[in-house]
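The model shown is predicted, which means the values in this text are computed figures rather than measured ones. Below, each value reflects all heavy atoms present in this structure, side chains not excepted, and no hydrogens, waters or symmetry copies.
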Amino acid sequence: MDRARLLDLLTRVASGGVSTGDALEQLARLPFEDLGFARVDHHRALRCGFPEVIFGQGKDDAQLCEIFVRLAASGVNVLATRVSASAAALAQSRIAAADYDPLSRTLVLRQRPRAARGGLIAICAAGTADLPVAEEARRTAEIMDQRVETFYDVGVAGIHRLLAQSERLRQAHVVVVAAGMEGALPSVVGGLVRAPVIAVPTSVGYGASFGGIAALLAMLNSCAAGVSVVNIDNGFAAGYQAALISGLVEADAAPRDVPAAAQQEHARHA
């Protein structure tokens with residue numbers, strides 16, 4: 001934060017030289033913190049609704065730690081993805097409250113009370129091998145203050161496992177579906193719910209899966225009209241997009257069109 005520029009702006013607002021609306025627009029574009037190896041955007045939350053997220057892959061431990069600490073110093077919730085255990089340990093040595101999940105490789109710090117807002121996000125994983133991606137989506141959506149329910153190991157090879165959860169799935173306002181192999185699960189889910197479905201191809205599969213490309217192409221060619229697709233293994237993007245959609249829903253929004261018994265179950269979980 002450039003204190004001199006901010007003080008000048010606030011002085012002009014106080015004197016009536018700048019309207020509060022114009023000041024807000026200027027603040028939305030104002031400062032970043034130059035660390036030499038990174039320029040930390042401290043006003044991302046003002047512009048976009050959530051602070052800058054750190055992509056840990058490719059950064060050394062010290063770089064990731066310093067960015068994490070500088071974001072934390074501004075008092076916001078902080079999320080870092082693709083974080084190694086050693087980088088997480090270094091960050092936690094400086095911020096003990098930071099929470100690391102080795103499965104999803106995410107490091108989060110909650111500094112603001114969880115807001116009671118938004119709809120319900122359902123996160124489905126076809127198989128246990130898809131959990132790292134699904135959990136990245138879950139941790140992302142939750143640090144963005146959204147309600148999440150998970151449905152894991154519900155792939156099409158045992159479709160009765162998915163159908164057993166169909167009533168609950170239909171209560172969600174957005175559904176994230178992570179699947180590898182042939183990538184069929186998002187199309188099936190898309191045929192069961194009226195909520196938007198965000199498909200995440202994972203790199204899980206044998207040789208002809210081509211590291212998730214087979215699942216990606218299958219999802220891009222889905223016959224279910226409500227399915228959109230993010231990049232391979234990108235649980236973060238799916239969770240973030242789902243949180244943006246869910247955040248538009250009133251916190252007390254009624255469940256989707258489901259039988260009365262399922263609505264009662266929804267009330268117990270809310």
Side-chain angles (χ1 to χ4, degrees), residues 1-13 17-102 104-115 133 136-137 139-146 200 230-245 247:
M1 174 67 72
D2 186 328
R3 294 175 62 90
R5 291 177 64 193
L6 180 58
L7 179 61
D8 177 65
L9 178 60
L10 293 176
T11 300
R12 287 186 287 138
V13 170
V18 176
S19 70
T20 55
D22 288 339
L24 185 63
E25 287 299 314
Q26 291 186 49
L27 287 170
R29 298 187 300 271
L30 254 177
F32 58 87
E33 185 176 6
D34 192 348
L35 305 182
F37 58 85
R39 297 182 179 184
V40 181
D41 183 355
H42 287 297
H43 276 209
R44 185 77 58 92
L46 183 60
R47 299 194 316 274
C48 303
F50 190 76
E52 183 172 22
V53 175
I54 306 166
F55 182 66
Q57 185 174 318
K59 296 179 176 66
D60 65 36
D61 292 358
Q63 289 172 336
L64 185 143
C65 177
E66 192 61 30
I67 297 169
F68 195 92
V69 168
R70 296 301 181 96
L71 281 170
S74 65
V76 299
N77 293 337
V78 187
L79 168 64
T81 66
R82 300 295 175 91
V83 180
S84 67
S86 59
L90 183 60
Q92 288 174 313
S93 71
R94 297 181 63 180
I95 304 177
D99 176 51
Y100 180 62
D101 174 41
S104 62
R105 293 186 294 164
T106 55
L107 182 68
V108 301
L109 175 66
R110 178 171 288 281
Q111 300 191 101
R112 296 187 174 178
R114 186 176 181 126
V133 176
E136 185 180 64
R139 299 256 292 177
T140 298
E142 288 184 340
I143 196 63
M144 295 178 71
D145 293 334
Q146 300 306 305
V200 192
V230 298
N231 209 343
I232 298 169
D233 289 337
N234 198 348
F236 160 71
Y240 195 103
Q241 183 75 1
L244 292 179
I245 296 170

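- Residues satisfying the side chain to side chain contact (heavy atoms under 4.5 Å, CB included) test with Arg105, not counting sequence neighbours, are Arg82, Tyr100.
- The two residues Cys65 and Arg94 have their closest heavy-atom pair at SG-CD, 3.6 Å.
- Using a 4.5 Å heavy-atom threshold, the side chains of Asp61 and Ser84 count as touching.
- Looking at every heavy atom in both residues, Gly239 comes nearest to Ala141 through O-CB, 3.9 Å.
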Dump the intermediate steps for side chain to side chain contact (heavy atoms under 4.5 Å, CB included) on Val78 and Val108, then the final yes or no. CA-CA 6 Å; Val78 187; Val108 301; over 6 Å; no
Could you check Leu79 against Thr81 for side chain to side chain contact (heavy atoms under 4.5 Å, CB included), going step by step and ending with a plain yes or no? CA-CA 7 Å; Leu79 168 64; Thr81 66; 4.3 Å; yes
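- Looking only at distances, a side-chain donor or acceptor of Asn77 sits under 3.5 Å from a matching main-chain atom of Arg112.
- The minimum heavy-atom distance linking Arg39 with Glu52 is given by the pair O-OE1, 4.2 Å.
- In terms of the ring pair (Phe, Tyr, Trp, His ring centres under 6.0 Å) criterion, residue partners of Phe236 (sequence neighbours excluded) are, by chain and number, Tyr240.
- With respect to the salt-bridge test (charged N to carboxylate O, under 4.0 angstrom), the residues Glu66 and Lys59 do not qualify.
- Salt bridge present: Asp99 and Arg139 bring a charged side-chain N and a carboxylate O closer than 4.0 Å.
- Phe68 contributes atom CZ, which lies 5.0 Å from atom CG of Leu109 (distance to the nearest 0.5 angstrom).
- Shown here for Leu64 and Gly56, the closest heavy-atom pair between the two residues is CD1-CA, 3.3 Å.
- A distance of 7.5 Å separates CG in Asp41 from SG in Cys48, rounded to the nearest 0.5 Å.
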Side chain to side chain contact (heavy atoms under 4.5 Å, CB included) between Leu71 and His42, worked out: CA-CA 7 Å; Leu71 281 170; His42 287 297; 4.3 Å; yes
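- Taken from CD1 in Ile54 to CD1 in Ile67, the straight-line distance is 6.0 Å, to the nearest 0.5 Å.
- Pairing each heavy atom of Gln111 with each of Ala72, the nearest pair is NE2-O, 3.0 Å.
- With Asp60 contributing its side chain and Gln63 its backbone, the two residues share a donor-acceptor pair below 3.5 Å.
- At distances below 3.5 Å, not a single donor-acceptor pair connects side-chain atoms of Glu142 with backbone N or O atoms of Thr140.
- Counting all heavy atoms, side chain and backbone alike, Gly235 lies closest to Val200 at N-CG1, 4.1 Å.
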